[in-house]
Amino acid sequence: MIKGFIFDLDGVITDTAELHFQAWKKLADDMGWQFDREVNEKLRGVSRMDSINIIKDHNNAQVDEEKLVALATLKNDIYVDSLDHMTPNDYLPGAQELLNLLRKEGFLVALGSASRNAIKVLKQLEANKYFDVIGDGNSVSKSKPEPDIFLFGAKALDLKPEECIVYEDAESGIDAAKAGGFHSVGIGPAERVGHADVRFDSMKEATLFEVKSHFSELF
Ligand code: B16
Ligand code: MG
């Protein structure tokens with residue numbers, strides 16, 4: 001039986017990807033590095049340090065670890081500042097409606113995000129009330145595609161993986177959900193999340209009604 005839901009943040013609850021892009025772009029421009037939306041797509045759901053390594057390798061740049069951490073911190077300062085402009089109007093369409101309904105129907109809900117800034121994002125969205133447990137980039141050391149962040153969420157909710165549905169927009173996020181034994185809902189194109197148990201183009205279509213219909217034997 002499904003008793004809980006675990007949500008990724010960026011690309012599922014809100015679209016912080018654009019703000020991440022702007023911040024990486026500013027850093028790349030300052031460094032004279034090539035960076036565009038195609039490269040940015042590879043950063044979806046990927047941790048901050050893995051992201052800067054992808055950008056560095058894309059540019060064949062030689063940067064030592066200490067400098068790399070300093071650059072990632074610079075990018076993060078730009079990103080965190082840009083979050084000040086985020087408001088409760090910035091949920092992805094359908095996300096807040098779903099969270100409200102889950103509360104009404106008494107499901108347990110956790111966040112399972114790679115971001116170390118998830119607390120600030122939730123604060124800007126005034127979304128804390130929707131979550132029983134917050135799992136973020138500070139909660140576990142192994143990032144997606146390892147299942148650790150979702151296992152952390154399930155354990156804190158006192159649920160088994162098979163009692164939870166994970167919502168994810170990243171390929172590595174669906175990999176993580178499957179590796180942990182969770183049911184999965186993919187948000188986005190088939191090339192990215194076609195391996196989820198069920199896939200929707202956007203959160204607007206991924207309603208509780210649709211998900212209950214798909215996993216009907218589990219409700
Ligand atoms: P931060 P998610 C991920 O969020 C983003 O998709 C990814 O682009 C970002 O690099 C990562 O968080 C880390 O974010 O720099 O704020 O710690 O999709 O896992 O909610
Ligand atoms: Mg995501």
Side-chain angles (χ1 to χ4, degrees), residues 7-87 89-95 112-118 120-122 124-125 136-137 142-146 149 167-177 184-196 199-206:
F7 290 94
D8 176 52
L9 182 61
D10 175 27
V12 171
I13 303 296
T14 186
D15 187 18
T16 39
E18 181 60 26
L19 302 178
H20 279 295
F21 171 72
Q22 298 298 341
W24 284 124
K25 178 73 182 144
K26 168 92 177 62
L27 180 83
D29 287 351
D30 288 352
M31 295 295 292
W33 287 350
Q34 199 278 339
F35 182 69
D36 56 22
R37 288 183 187 275
E38 204 181 316
V39 184
N40 190 56
E41 201 36 50
K42 296 188 186 143
L43 312 183
R44 187 179 286 272
V46 171
S47 74
R48 194 181 311 160
M49 286 313 294
D50 286 349
S51 298
I52 195 159
N53 273 300
I54 290 171
I55 299 170
K56 179 200 77 164
D57 293 347
H58 173 73
N59 284 274
N60 291 319
Q62 302 298 323
V63 185
D64 66 37
E65 188 60 24
E66 201 181 326
K67 179 89 200 279
L68 218 50
V69 171
L71 292 175
T73 304
L74 267 178
K75 176 268 173 180
N76 191 55
D77 291 343
I78 302 167
Y79 172 69
V80 170
D81 281 349
S82 71
L83 289 177
D84 287 339
H85 304 287
M86 182 174 264
T87 75
N89 292 324
D90 290 317
Y91 285 88
L92 279 166
S113 167
S115 175
R116 290 176 181 267
N117 296 301
K120 174 152 184 178
V121 174
L122 293 185
Q124 295 297 122
L125 293 171
D136 64 12
K142 282 191 269 171
S143 49
K144 304 162 192 175
E146 297 300 326
I149 188 67
Y167 270 62
E168 252 295 346
D169 71 310
E171 185 177 353
S172 62
I174 296 297
D175 292 340
S184 57
V185 174
I187 305 299
E191 311 87 81
R192 206 167 74 207
V193 290
H195 54 319
R199 184 198 71 80
F200 299 94
D201 288 334
S202 75
M203 283 297 284
K204 224 172 162 177
E205 288 88 46

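Bear in mind the structure is a predicted one, so any value in this text is a computation, not a measurement.
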Should [X] and [Y] count as side-chain neighbours, where that means a heavy-atom distance under 4.5 Å?
{"X": "S51", "Y": "V46", "result": "yes"}
{"X": "V80", "Y": "D77", "result": "no"}
{"X": "R44", "Y": "D169", "result": "yes"}
{"X": "L83", "Y": "T16", "result": "yes"}
{"X": "D50", "Y": "S143", "result": "yes"}
{"X": "M203", "Y": "Y167", "result": "yes"}
{"X": "D29", "Y": "K26", "result": "no"}
{"X": "F35", "Y": "L43", "result": "yes"}

- Any donor-acceptor N or O pair under 3.5 Å, side chains N117, N76: yes
- Between the side chains of Q34 and D36, is a donor N or O closer than 3.5 angstrom to an acceptor N or O? yes
[Y]/[X] salt bridge by N-O under 4.0 Å criterion:
{"X": "D84", "Y": "K120", "result": "yes"}
{"X": "R192", "Y": "E41", "result": "yes"}
{"X": "E205", "Y": "R199", "result": "no"}
{"X": "K144", "Y": "D8", "result": "yes"}

Say you draw a straight line from [atom1] of [X] to [atom2] of [Y]; how long is it, rounded to the nearest 0.5 Å?
{"X": "I55", "Y": "N59", "atom1": "CD1", "atom2": "CG", "answer": "8.5 Å"}
{"X": "R48", "Y": "L71", "atom1": "CZ", "atom2": "CG", "answer": "13.0 Å"}
{"X": "M49", "Y": "R116", "atom1": "CE", "atom2": "CZ", "answer": "10.0 Å"}
{"X": "K142", "Y": "S47", "atom1": "NZ", "atom2": "OG", "answer": "14.0 Å"}

- Verify the neighbour count for atom NZ of K25: are there more than 12 heavy atoms of other residues, nucleotides or ligands below 6.0 Å?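 Enclosed: over 12 neighbouring heavy atoms sit under 6.0 Å from NZ of K25.
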- Starting from the C-alpha separation in whole Å, work towards a yes-or-no answer on side chain to side chain contact (heavy atoms under 4.5 Å, CB included) for I52 and L27. CA-CA 10 Å; I52 195 159; L27 180 83; 4.0 Å; yes
- Query: When you measure from the side chain of D136 to the backbone N and O of S113, does any donor-acceptor pair fall under 3.5 Å?
  - Reply: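 Answer holds: no.
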- Name all residues meeting the ring-ring contact (aromatic ring centres under 6.0 Å, His included) criterion together with Y91; count only those two or more places apart in sequence or in a different chain, and write none if there are none.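 Not a single residue meets the ring-ring contact (aromatic ring centres under 6.0 Å, His included) criterion with Y91.
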Which pair of heavy atoms, one from [X] and one from [Y], lies closest together, and at what distance?
{"X": "G45", "Y": "S172", "result": "O-OG, 4.3 Å"}
{"X": "G11", "Y": "I187", "result": "O-CG2, 4.1 Å"}
{"X": "A95", "Y": "V12", "result": "CB-O, 3.8 Å"}
{"X": "D90", "Y": "H85", "result": "OD2-O, 4.1 Å"}
{"X": "V193", "Y": "G188", "result": "CG2-O, 3.6 Å"}
{"X": "S184", "Y": "A177", "result": "CB-CB, 4.1 Å"}

- Message: Assess the residue pair T14 and M86 against the criterion (side chain to side chain contact (heavy atoms under 4.5 Å, CB included)); give the C-alpha distance rounded to whole Å, side-chain angles, the decisive distance to 0.1 Å, and a yes or no.
- Response: CA-CA 10 Å; T14 186; M86 182 174 264; 3.6 Å; yes
- Item | From CA spacing to verdict: side chain to side chain contact (heavy atoms under 4.5 Å, CB included), L9, L122 | CA-CA 9 Å; L9 182 61; L122 293 185; 4.0 Å; yes
- Query: According to the interplanar angle, ranging from 0 to 90°, do the rings of H20 and Y79 count as parallel (below 30°), tilted (30 to 60°) or perpendicular (above 60°)?
  - Reply: parallel
- Task: Apply side chain to side chain contact (heavy atoms under 4.5 Å, CB included) to E65 and L68, showing your working.
- Result: CA-CA 5 Å; E65 188 60 24; L68 218 50; 4.2 Å; yes
